[in-house]
Amino acid sequence: MSNTADVVIVGGGVVGCAAAYYLAKSGNNNVIVLEASKSIGHGGSSRNGGGVRQSGRDVRELPYAMYGIKNIWPTLSEELGVDVEYTQKGNLRLGKTEEHMKKLKTLADNAKSVGLDVRMVDAKEVQEICPYLSKDIIGASWCPTDGHANPLTTTLGFYKRALDMGVRFYTNAPVKELRKIKGKVRQVILNDGTVFEGEQIILAAAYESRYIARTVGVDIPMTKLIDECLVTEMQPKMFDIMLGTAGADFYGHQTRHGSFVFGSDSGYEDVTDMEDPSELPTNSYTLSASCRAIMGYVPALKDAKIVRSWCGWLDNAFDGVPFISKVDEAPGLILACGFTGHGFGTAPVVGLMLSQMVAGEDTVVDLSALRYDRFKPKR
């Protein structure tokens with residue numbers, strides 16, 4: 001099998017798989033996807049709470065997040081031939097203090113300025129929307145067009161369709177470096193020395209993208225942060241909405257199966273000495289903090305048993321929004337990383353836009369605010 005393609009995608013997560021699918025759908029199935037681990041979607045794509053939301057986002061992300069929810073998510077199960085479990089029943093972002101409410105109102109006002117249907121609701125309306133929540137909640141932001149989906153079936157759905165359409169996938173293929181040929185990024189070198197070559201290279205390998213991009217002189221301002229998820233045993237049907245909090249204590253939803261899936265952090269993840277999350281499936285700081293937060297907002301879950309918990313790395317962008325951009329000083333390279341823990345919900349539209357960038361077309365929305373070089377020295 002040839003190691004040469006029109007496009008080489010580094011990273012077999014939901015973004016890489018979506019980009020591969022949309023490239024093939026547009027008629028370009030001469031695509032190779034390289035995944036460092038032994039399985040597709042092994043990173044953040046299988047380590048998130050499944051949120052498909054617009055509320056709470058930076059305004060720079062909102063145009064494409066809104067496009068994806070309006071134009072892609074509603075028919076994605078039919079398009080991929082798998083049930084991605086997309087549920088669009090709204091999202092409450094909860095607050096317990098005046099400071100929380102101030103933060104939520106600022107986010108809501110910013111979102112409304114670009115056309116998102118989001119509004120503030122008081123404690124009474126919170127209980128009307130979801131009576132299972134704590135009476136300590138004094139208000140929330142409410143976005144009725146937000147929702148959630150199943151990250152694993154979504155990722156594997158894109159993978160399966162791309163595979164069926166002729167895209168070549170390689171697992172156990174960790175990338176060591178990129179290499180320029182006559183000034184253009186063309187080659188991807190694996191740790192074992194295997195060389196793959198493409199007209200264009202999409203770098204969608206989460207935090208590892210930083211190390212890989214450095215090999216062609218590009219540094220991406222990201223840090224690595226642990227994020228943890230947990231799933232409960234099956235519970236009686238309570239609600240379909242997505243939950244979040246102003247304090248970012250946790251986020252999550254009840255699945256169709258009945259279990260609850262939550263993602264969370266404790267605030268100490270960046271100082272936790274854990275080089276390889278696969279060797280330590282949970283973080284003692286985070287799991288206990290998560291449970292306290294969940295019980296504080298959803299008292300009905302105080303006796304629910306946790307079936308399992310797991311963690312992984314976030315590619316935490318310096319300013320909290322991703323890098324989706326061609327690179328001027330490295331022609332042939334396209335970045336798609338730095339999603340900061342909220343990339344799953346936008347992955348389908350990001351995959352579409354990456355395929356448009358490869359083709360030299362205008363993307364469905366303007367991405368200039370997410371260029372790789374948006375940071376300028378302050379001194």
Side-chain angles (χ1 to χ4, degrees), residues 48-74 86-149 239-254 262-265 267 293-294 296-298 316-317 319-322 339-347 349-350 364-367 369-370:
N48 70 83
V52 182
R53 64 174 172 84
Q54 304 145 107
S55 59
R57 289 186 181 271
D58 189 290
V59 292
R60 290 170 289 180
E61 295 178 282
L62 277 172
Y64 65 91
M66 293 165 66
Y67 180 94
I69 285 175
K70 181 179 180 181
N71 298 287
I72 298 179
W73 276 105
Y86 178 54
T87 303
Q88 189 180 31
K89 297 291 186 178
N91 183 4
L92 278 174
R93 298 182 67 80
L94 309 168
K96 288 185 174 181
T97 68
E98 291 303 326
E99 190 64 30
H100 286 167
M101 298 307 295
K102 181 179 177 181
K103 178 179 180 179
L104 291 171
K105 187 176 187 307
T106 298
L107 287 167
D109 288 345
N110 290 342
K112 284 191 286 188
S113 73
V114 295
L116 181 64
D117 177 16
V118 59
R119 61 187 176 87
M120 300 300 294
V121 295
D122 60 17
K124 179 176 180 293
E125 192 165 357
V126 167
Q127 291 297 319
E128 290 171 354
I129 294 170
C130 186
Y132 294 93
L133 297 176
S134 169
K135 299 294 195 299
D136 293 337
I137 297 165
I138 64 173
S141 64
W142 170 243
C143 181
T145 54
D146 279 352
H148 51 82
F239 50 82
D240 293 324
I241 64 173
M242 187 74 184
L243 294 179
T245 71
D249 315 67
F250 73 94
Y251 62 93
H253 67 278
Q254 186 170 24
F262 292 110
S264 61
D265 63 66
I294 293 164
Y297 283 93
V298 194
N316 213 38
D319 60 348
V321 296
F339 288 95
T340 317
H342 42 82
F344 167 68
T346 59
V349 68
V350 169
V364 292
V365 300
D366 178 25
L367 293 175
L370 301 180

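Remember, predicted model here, so these are calculated numbers, not experimental data.
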**Q** Over all heavy atoms of both residues, which pair between Y86 and A149 is shortest? Give the atoms and the distance, please.
**A** CA-CB, 4.0 Å
**Q** Run L92 and I137 through side-chain contact (heavy atoms from CB on, under 4.5 Å) and show every step you take.
**A** CA-CA 11 Å; L92 278 174; I137 297 165; over 6 Å; no
**Q** Any heavy-atom pair between the side chains of L116 and C143 that's under 4.5 Å?
**A** yes
**Q** Nearest 0.5 Å please: distance from the OG atom of S113 over to the CG atom of L62.
**A** 8.0 Å
**Q** Who pairs with T145 by side-chain hydrogen bond (donor to acceptor under 3.5 Å, both in side chains), at least two apart in sequence or on another chain?
**A** Q54
**Q** Just to verify, what does K105 make a salt bridge (charged side-chain N to carboxylate O under 4.0 Å, His left out) with, not counting sequence neighbours?
**A** D109
**Q** Is a side-chain donor or acceptor of K89 paired with a backbone partner of D240 at a separation under 3.5 angstrom?
**A** no
**Q** With rounding to the nearest 0.5 Å, note down the distance linking OG1 in T245 to OH in Y251.
**A** 11.5 Å
**Q** Tell me the closest heavy-atom pair linking A317 and T340, and the distance in Å.
**A** N-OG1, 3.1 Å
**Q** Identify each donor-acceptor pair in which a side-chain atom of residues 66-73 lies under 3.5 Å from a protein atom, sequence neighbours left out, and give them as a table.
**A**
residue, atom, partner, partner atom, Å
N71, ND2, Y67, O, 3.0
W73, NE1, G345, O, 2.8

**Q** Kindly indicate whether the side chain of V118, heavy atoms from C-beta on, has any atom under 4.5 Å from the side chain of N91.
**A** no
**Q** Using 0.5 Å steps for rounding, measure from the CD atom of Q254 to the OG1 atom of T87.
**A** 10.5 Å
**Q** Using the ring of each side chain (for Trp, its six-membered ring), is Y132 parallel, tilted or perpendicular to F239, with breaks at 30° and 60°?
**A** tilted
**Q** Is the closest side-chain heavy-atom distance between R57 and H342 below 4.5 Å?
**A** yes
**Q** Out of curiosity, L367 CG to Y64 OH, how far, rounded to the nearest 0.5 Å?
**A** 7.5 Å
**Q** What's the separation between atom CG in L243 and atom CZ in R93, rounded to the nearest 0.5 Å?
**A** 10.5 Å
**Q** State which residues pass side-chain hydrogen bond (donor to acceptor under 3.5 Å, both in side chains) with K124; sequence neighbours excluded, sorted by chain then number.
**A** E128
**Q** Among residues at least two apart in sequence or on other chains, which ones pass side-chain hydrogen bond (donor to acceptor under 3.5 Å, both in side chains) with E98?
**A** none
**Q** Of all residues at least two apart in sequence or in a different chain, which pass the salt bridge (charged side-chain N to carboxylate O under 4.0 Å, His left out) check with D136?
**A** none
**Q** If you round to the nearest 0.5 Å, how far is NE2 of H148 from CD1 of I241?
**A** 8.5 Å
**Q** Under 3.5 Å, side chain of D146 to main-chain N/O of S55, donor-acceptor pair present?
**A** yes
